[in-house]
Protein chains: 2
Amino acid sequence: MTLVSTPRSGAPTLYKRIRTDIEKRILSGKWPPGHRIPSEHELMKRYDCSRMTVNKALTELAQADLIQRRKRAGSFVHRPQVLSAVLEIADIRAEITALGRRYDYRLLVRRRRAASRADRSWLGVEQPCDVLALEAYHSADGIPFAMETRLINLDAVPEARQADFTRESPGTWLLTHVPWSEAEHRIAAIGADDKIAKTLHTAEGSPCLVINRRTWRNGQTLTAVRLVYPGQEHQLVARFKGRQAA
Amino acid sequence: MTLVSTPRSGAPTLYKRIRTDIEKRILSGKWPPGHRIPSEHELMKRYDCSRMTVNKALTELAQADLIQRRKRAGSFVHRPQVLSAVLEIADIRAEITALGRRYDYRLLVRRRRAASRADRSWLGVEQPCDVLALEAYHSADGIPFAMETRLINLDAVPEARQADFTRESPGTWLLTHVPWSEAEHRIAAIGADDKIAKTLHTAEGSPCLVINRRTWRNGQTLTAVRLVYPGQEHQLVARFKGRQAA
DNA sequence: CTAAAAATAATGTATAGACATAATAAACCT
DNA sequence: AGGTTTATTATGTCTATACATTATTTTTAG
């Protein structure tokens with residue numbers, strides 16, 4: 001008897017049903033952290049399906065970190081220690097135009113030089129290298145939105161030498177031209193110094209949100225950037241939705 | 001001829017090898033965004049394995065958002081629009097003790113009341129409900145670390161009535177006692193007002209990092225919290241590592 | 001009584017084949 | 001030429017089975 005087929009019209013597929021069934025029990029608290037989930041064999045019987053189907057559901061739950069699986073012991077509801085959320089930092093142009101505001105960008109400084117000690121320390125590289133130092137300014141409807149200070153490692157991204165950053169911001173250019181494998185963000189609040197205050201038209205000492213980002217590809221630093229936003233006006237939003245609910 | 005088995009001692013499993021092979025090509029830029037990935041049939045031949053194995057590798061790459069798959073058309077390297085990173089906001093106690101510093105916590109205010117209009121707006125609920133309003137203070141080695149202002153929706157979390165928040169912080173208690181399905185963070189920089197300055201021993205107007213978090217379970221708001229950190233001293237770190245490299 | 005060996009229970013990976021679904025391309029008929 | 005039907009291609013789900021791996025228990029031998 002081999003009844004292959006999935007004609008449950010409209011309904012989601014079986015493995016998804018199994019996954020969300022378990023997900024609901026966990027998120028509602030019915031199955032608290034540490035609770036043991038029925039074994040694959042038990043679920044096979046309960047849903048009258050093959051083990052592979054059950055396995056696919058449980059594997060996804062494990063990848064989403066909702067459960068932990070141990071051989072011989074079974075699967076258990078995971079005990080979360082930290083609150084983690086997905087932070088999406090959009091390209092500034094996209095962010096502004098999405099709000100229906102007029103985006104404007106101006107390149108203030110573009111200098112190519114051998115990396116100074118400070119440059120190397122910021123990029124986190126040891127050996128000497130050439131860098132492109134950039135400063136730029138983003139505005140929405142003519143109102144200052146963010147100030148950008150950036151170093152590009154020219155040994156890692158030689159194409160940047162030819163790039164024209166007077167029209168397109170380095171962030172946009174890099175995102176579309178250079179693949180990367182790893183990034184680190186450091187977010188802090190600072191008081192505006194003299195330069196920031198002038199560029200963003202705020203008072204000296206006024207609170208600003210700062211994002212420091214470094215990006216790597218295969219262990220090589222590609223770029224380091226500091227984005228300064230005038231305080232209250234800008235918020236970073238990180239949303240964590242039920243652990244990748246389809 | 002059915003040669004089932006995976007005795008490649010030491011080596012990672014086949015589907016993982018396929019996945020990382022493709023991952024490397026994408027992250028190195030060899031296969032740029034938009035590039036078409038060999039079809040499952042082609043990969044079957046290339047790796048001399050069954051389609052399910054290839055499918056598992058490609059499905060994981062699609063879940064990690066490295067590729068996009070379209071029926072009939074094939075699989076393509078994804079063109080990323082936003083830079084997304086996983087932000088982990090640890091429990092404050094864990095954060096401080098992890099740094100090897102002495103953690104101290106003090107509950108300043110605990111008041112139960114019917115939700116005011118301001119309370120309801122902050123929680124994002126319409127109907128009247130009971131809330132627990134809390135204010136607390138966290139320190140590391142006696143130095144002010146963060147100030148916490150929180151509302152707990154008692155209709156959603158009735159157990160909180162009995163909880164003793166004088167020893168354990170509400171954040172820790174909630175994390176271990178109440179399952180949640182969704183959370184939203186809003187991060188901004190503000191200047192310290194009178195109250196913040198007094199609590200955190202900083203000057204009025206000095207920059208502070210603020211995290212506003214709201215947490216839900218099945219659409220019901222559980223709690224809203226505002227954490228204020230003294231500016232420069234605290235940084236949020238979000239790291240994005242090669243799209244879930246195993 | 002204890003250390004070594006064997007059975008066992010759970011998850012992990014893989015196969016070969018089947019049917020389902022979606023999007024496109026080709027053939028066909030006005 | 002343009003619209004309709006049919007074939008094709010690639011992904012998506014599912015089955016039934018096999019062997020692998022890991023961590024226990026249970027049994028057995030000294």
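So you know, we letter chains A, B, ... as the sequences are listed, proteins then strands, and number each from 1.
The distance from atom CG of A:Asp48 to atom P of D:dT13 is 19 Å, rounded to the nearest whole Å. Distance NZ (A:Lys56) to P (D:dG12): 8 Å, rounded to an integer number of Å. When rounded to the nearest whole Å, the span between CE of B:Met52 and C1' of D:dA16 equals 12 Å. Separating the CZ atom of B:Arg69 from the P atom of C:dA20 is a distance of 20 Å, rounded to the nearest angstrom. In this structure, the CD atom of B:Glu40 is 15 Å from the C1' atom of C:dT15, given to the nearest Å. Atom-to-atom, CG of B:Leu14 to P of C:dA16 comes out at 12 Å; the value is rounded to the nearest Å. Between the CZ atom of B:Arg51 and the C1' atom of D:dA10 there is a distance of 8 Å, given to the nearest Å. A straight line from CZ of A:Arg17 to P of D:dT13 spans 15 Å, rounded to a whole angstrom.
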Legend entry - Derivation of the side-chain hydrogen bond (donor to acceptor under 3.5 Å, both in side chains) call for B:Arg217 and B:Ser181: CA-CA 5 Å; B:Arg217 178 175 60 203; B:Ser181 57; over 6 Å; no
Inset, instruction - Give the intermediate values and the outcome of side chain to side chain contact (heavy atoms under 4.5 Å, CB included) for residues B:Arg72 and B:Arg70. - result: CA-CA 6 Å; B:Arg72 163 84 217 216; B:Arg70 292 206 315 277; over 6 Å; no
Inset, instruction - Please lay out, stage by stage, how B:Arg186 and A:Val237 fare under the test side chain to side chain contact (heavy atoms under 4.5 Å, CB included). - result: CA-CA 5 Å; B:Arg186 292 181 175 271; A:Val237 177; 3.4 Å; yes
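Each of A:Tyr15 and A:Ala73 was assigned the nucleotide of DNA chain D with the nearest heavy atom; the assignment lying further toward the 5' end belongs to A:Tyr15.
Relative ring orientation between B:Tyr229 and B:His234 is described as parallel, the plane-to-plane angle staying below 30° on a 0-90° scale split at 30° and 60°.
The side chain of B:Asn55 approaches D:dT13 more closely than any other nucleotide in the set D:dT13, C:dA10, D:dT15. Minimum atom distance to the side chain of B:His41 is reached by D:dT11, of the listed C:dT15, C:dT11, D:dT11. Taking the side chain of B:Arg72 as heavy atoms from C-beta on, and the options D:dT9, D:dA10, C:dA14, the nearest nucleotide is D:dT9.
Within the nucleic acid shown, A:Thr59 has no heavy atom closer than 4.0 Å to any nucleic acid atom.
Applying the 6.0 Å contact sphere to CZ of A:Arg93 captures no more than 12 heavy atoms from other residues, nucleotides or ligands.
OP1 and OP2 of D:dT9 both lie 4.0 Å or more from every side-chain N or O belonging to B:Lys71. A sub-4.0 Å separation between OP1 or OP2 of D:dT11 and a side-chain N or O of B:Ser75 is present. Note on A:Thr53: a side-chain N or O is less than 4.0 Å away from OP1 or OP2 of D:dT15.
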